[in-house]
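A quick write-up on the structure given underneath.
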Amino acid sequence: MIELTKEYIDELQKVIDAKDDEKALRILDELHPADIAELYREMTLDEAIYLYLLMDGEKAADVLMELDEDDRRKLLKELPDKVIAERFVNEMDTDDAAELLRDLDEERQEEILSHVEDVEQAGDIVDLLKYDEGTAGGLMGTEMIVVNENWSMPQCIEEMRKQAEDEGLEEVYNVYVVDDDERLRGVLPLQKLVTSPSVSKVKHVMQKEPVSVQDKDSVEDVVEMITKYDLVSLPVVDSIGRLVGHITVDDVIDEVNEAHERDYQFASGISQDVETSDNVRLQTIARLPWLLFGMIGGLSNSMLLGGFEAGFVANPKMALFIPLIGGTGGNVGVQSSAIVVQGLANNSLKQGRILGQVVKESAVSLINAAIISLIVFIYNYFTLGDQKITLSVSISLFAVVMFASTFGTLVPMLLDKFKINPAIATGPFISITNDIIGMMIYMATVSILMG
């Protein structure tokens with residue numbers, strides 16, 4: 001692996017400036033497509049196009065799919081449709097080609113596909129583009145080995161060799177078995193193919209009832225299936241059971257990484273998917289909504305505390321515990337919501353387990369609330385010298401922890417029920433809401449106990 005140091009990048013920059021095609025090609029041959037994609041950020045658009053046009057079609061296609069979506073769009077915008085078809089689409093698997101074209105408008109998709117050499121490949125890409133991006137159909141590819149259940153072993157081997165050559169397959173994950181109506185019937189292990197007698201029919205040695213998903217199922221369902229059953233590929237069928245494609249584990253890993261990035265940004269209070277390379281306008285739009293929400297929450301809190309100004313004047317020590325109440329409530333709420341969001345993401349928290357999770361979370365929060373409030377009570381009892389404030393703070397802290405835990409547990413579940421990303425709940429929404437409610441509980445408790 002070559003380290004992309006500043007000196008290495010500077011050297012490449014000199015080669016590009018000198019338009020030394022031969023030396024540039026030698027450098028590119030040494031690099032993995034992912035490393036070349038990383039270099040893209042150090043180049044101007046013209047320099048990137050120069051390198052792309054130097055590379056052979058297969059490597060150029062691999063590099064293109066390693067780029068961030070925004071960088072890919074910028075590059076495609078500058079390239080002619082015929083070049084995109086000949087240098088990229090022709091060299092791609094159908095699922096990658098569909099992903100590439102999905103971001104373009106319909107008119108440009110048609111123009112690019114008209115330049116694709118293989119008419120059958122173009123038709124497969126068109127079929128994939130009909131699926132929504134978040135479905136199994138939108139993620140699957142159509143390059144795979146398919147055999148008929150009634151074939152003999154010699155016929156099966158011959159057909160597999162022919163299909164692998166026609167499809168240009170570099171790796172064979174699974175051999176899928178279908179009936180005469182193209183419905184999925186099983187998976188043929190390669191070991192069985194080698195060890196079974198030549199007179200055997202495929203249906204007698206295949207593994208029946210393989211795990212599969214429907215083309216309309218969500219990507220989350222696909223991730224769950226591949227993770228649960230430790231699969232390297234997953235067949236995709238239509239509504240009547242016909243095999244239409246398959247999804248490989250590398251596609252799922254990419255999807256999981258993107259989902260984690262989106263959830264992390266949501267939890268951080270960023271409302272859109274942004275990258276460090278995005279311009280100031282995009283980053284501002286992505287961050288501002290939750291900052292405004294936080295500002296409104298802060299102003300509401302200030303107004304709430306302003307209503308108890310007389311109490312603070314009479315008992316200045318009350319103000320010392322405002323950060324403690326607000327901070328503890330926010331932390332507890334974020335912890336509870338994070339656990340629930342994780343359970344919803346990996347499908348370990350099913351509908352039948354929701355009540356159990358609420359009960360469990362209530363028990364945990366009861367123990368935590370008791371320990372925290374007891375420690376604060378003991379500390380204030382010996383240091384504060386005011387029993388009413390000591391009791392008010394401890395009771396408020398106990399109530400705030402219980403509320404924050406319950407709120408943090410229920411909110412992600414409600415968001416998930418209404419098909420809203422529950423990761424939102426682990427961010428500013430929980431913290432700000434718990435902060436306001438915590439102050440209300442604290443002020444109400446102080447008012448009751450201290451008159």
No-hydrogen, no-angle side-chain donor-acceptor test under 3.5 Å, [X] and [Y]:
{"X": "S365", "Y": "N368", "answer": "no"}
{"X": "D124", "Y": "T94", "answer": "no"}
{"X": "S394", "Y": "Y379", "answer": "no"}
{"X": "T44", "Y": "D46", "answer": "no"}
{"X": "T409", "Y": "Q357", "answer": "no"}
{"X": "Y173", "Y": "H246", "answer": "no"}
{"X": "D221", "Y": "S218", "answer": "yes"}
{"X": "E47", "Y": "Q13", "answer": "yes"}

Taking [X] first and then [Y], would you say they form a salt bridge - that is, a charged N and a carboxylate O separated by under 4.0 Å?
{"X": "R72", "Y": "E66", "value": "no"}
{"X": "R108", "Y": "D81", "value": "yes"}
{"X": "D10", "Y": "K6", "value": "yes"}

Which is it for K216 and T135 under the side chain to side chain contact (heavy atoms under 4.5 Å, CB included) test, yes or no, and what are the steps along the way? CA-CA 6 Å; K216 297 295 194 298; T135 63; 5.6 Å; no
Do [X] and [Y] have side chains that get closer than 4.5 Å, going by heavy atoms?
{"X": "M225", "Y": "L234", "value": "yes"}
{"X": "L184", "Y": "D179", "value": "no"}
{"X": "V187", "Y": "V177", "value": "no"}
{"X": "M318", "Y": "Y442", "value": "yes"}
{"X": "I16", "Y": "Y50", "value": "yes"}
{"X": "L45", "Y": "Y40", "value": "yes"}
{"X": "L128", "Y": "M140", "value": "yes"}

Answer yes or no: does atom [atom1] of [X] have more than 12 heavy-atom neighbours from other residues, nucleotides or ligands under 6.0 Å?
{"X": "K317", "atom1": "NZ", "result": "yes"}
{"X": "M65", "atom1": "CE", "result": "yes"}
{"X": "K59", "atom1": "NZ", "result": "yes"}

Begin from the C-alpha positions of F312 and L305 and carry the test side chain to side chain contact (heavy atoms under 4.5 Å, CB included) through to its verdict. CA-CA 9 Å; F312 291 130; L305 294 175; 4.0 Å; yes
